[in-house]
Amino acid sequence: MVAVTELKLKRQIVEQLAQHAEAGYPEEICGGLFGRVQNDGAADVVESAAVQNVRVDNRRRRYLIGPDDVLRLEQHAEASGLQVVGYYHSHPDAPAEPSEFDRKHAWPWYAYLIVSVEAGRRRETRAWRLADDRERFLPVSIDVEEEVDSRVDS
């Protein structure tokens, strides 16, 4: 599997993730990112899917995507001819930087998009991937593509 080094997302997906994060505030929210990873590590994200944070305790600082949801995300990707290219979650009242807890529970290759939400409003969105040695996160660039109106004026 090729490690994700860049996420290409449409503005609409970025806004969906922000709305999910704001609606879930002050708790962490989470979900999956679907697309295709190119040989150069660029991932074209074409869809996202929110899942329930099944963490029982400390949901303001932790999230957990349950095994059934991981399986459903993988099955959806396969049925759609896509890949799970990463996961997203929010950091309520904290920076969009991975925590030590995030590092210990992450998998290499995937992108981890974090939406920072401060006082209920999105502050920043950044992405990361776990280094192969699992000792640190590396930044993943985000390229937000603006929607293009394909209608022709006559």
> Heavy atoms, side chains only, cut-off 4.5 Å: are Arg36 and Leu82 in contact?
yes

> Evaluate Asp102 against His89 for side chain to side chain contact (heavy atoms under 4.5 Å, CB included), listing each step before the verdict.
CA-CA 10 Å; Asp102 292 337; His89 70 283; 3.4 Å; yes

> Report whether Ile142 and Leu138 are members of the same hydrophobic cluster (ILVMFWY, side-chain heavy atoms less than 4.5 Å apart, transitive linking).
no

> Let me confirm one number: the OG-NE2 distance from Ser99 to His91, rounded to the nearest 0.5 Å.
5.0 Å

> Mind listing the closest non-hydrogen atom pair of Gln16 and Ser48 along with its distance?
OE1-OG, 3.6 Å

> What are the two closest heavy atoms between Asp44 and Lys8, and how far apart are they?
OD1-CD, 3.2 Å

> In chain order, what residues pass the side-chain contact (heavy atoms from CB on, under 4.5 Å) check against Glu15, with sequence neighbours excluded?
Arg11, Arg122

> If I take atom CZ from residue Arg134 and atom CH2 from residue Trp107, how far apart are they, to the nearest 0.5 angstrom?
9.5 Å

> Just jot down the side-chain hydrogen bond (donor to acceptor under 3.5 Å, both in side chains) partners of Glu47, sequence neighbours excluded, or say none.
His76

> If you take all heavy atoms of Val115 and Ala21, which pair is closest and at what distance?
CG1-CB, 3.8 Å

> Same cluster for Ile114 and Leu73 if Ile/Leu/Val/Met/Phe/Trp/Tyr side chains link at under 4.5 Å?
yes

> With side chains defined as the heavy atoms from C-beta onward, is the minimum distance between Tyr87 and Val70 less than 4.5 Å?
yes

> For a side chain to side chain donor-acceptor pair (under 3.5 Å) with Glu27, tell me which candidate from Arg62, Arg61, Arg59 qualifies.
Arg59

> Heavy atoms, side chains only, cut-off 4.5 Å: are Glu6 and Ser141 in contact?
yes

> Quick one: closest heavy-atom pair of Phe34 and Ala77, and the distance?
CD2-CB, 3.7 Å

> With the 4.5 Å side-chain cut-off for hydrophobic clustering, are Ile65 and Leu17 part of the same group?
no

> CD of Glu78: more than 12 outside heavy atoms within 6.0 angstrom?
no

> Evaluate the side-chain proximity of Val144 to Leu7: yes if any heavy-atom separation is below 4.5 Å, no if none is.
no

> For Glu118, give me all partners under salt bridge (charged side-chain N to carboxylate O under 4.0 Å, His left out), at least two apart in sequence or on another chain.
Arg123

> In Å and rounded to the nearest 0.5 Å, what is the CG to NZ distance from Asp143 to Lys10?
10.0 Å

> Using 30° and 60° as the class boundaries, would you call the ring planes of Tyr112 and Tyr110 parallel, tilted or perpendicular?
perpendicular

> What is the distance from atom CG of Asn53 to atom CD1 of Ile29, rounded to the nearest 0.5 Å?
9.0 Å

> Using every non-hydrogen atom in the two residues, find where Arg103 and Leu130 come nearest and quote the distance to one decimal.
CG-CD1, 3.7 Å

> To check you understand the geometry: which heavy-atom pair defines the closest contact between Ser90 and Val117, and what is its length?
CB-CG2, 4.4 Å

> Is Ser116 close to Thr125 at the side-chain level, that is, under 4.5 Å between some pair of heavy atoms?
no

> Indicate if Val84 and Val46 have the same hydrophobic cluster label, given that clusters are the connected sets of ILVMFWY residues with side-chain heavy-atom separations under 4.5 angstrom.
yes

> Any chance you could measure Asn58, atom CG, to Phe101, atom CZ, to the nearest 0.5 Å?
8.5 Å

> Side chains of His20 and Tyr88 only: does a donor on one sit below 3.5 Å from an acceptor on the other?
yes

> Before accepting this row, confirm whether a basic side-chain N of the pair Glu97/Arg126 lies closer than 4.0 Å to the acidic partner's carboxylate O.
yes

> Can you spot which of Val4, Val14, Leu9, Leu113 makes a side chain to side chain contact (heavy atoms under 4.5 Å, CB included) with Val45?
Leu9

> Going from CD1 on Ile13 to CD on Glu145, what distance comes out if it is rounded to the nearest 0.5 angstrom?
9.0 Å

> Determine yes or no for a side-chain-to-main-chain donor-acceptor pair under 3.5 angstrom, with Trp128 supplying the side chain and Ala96 the backbone.
yes

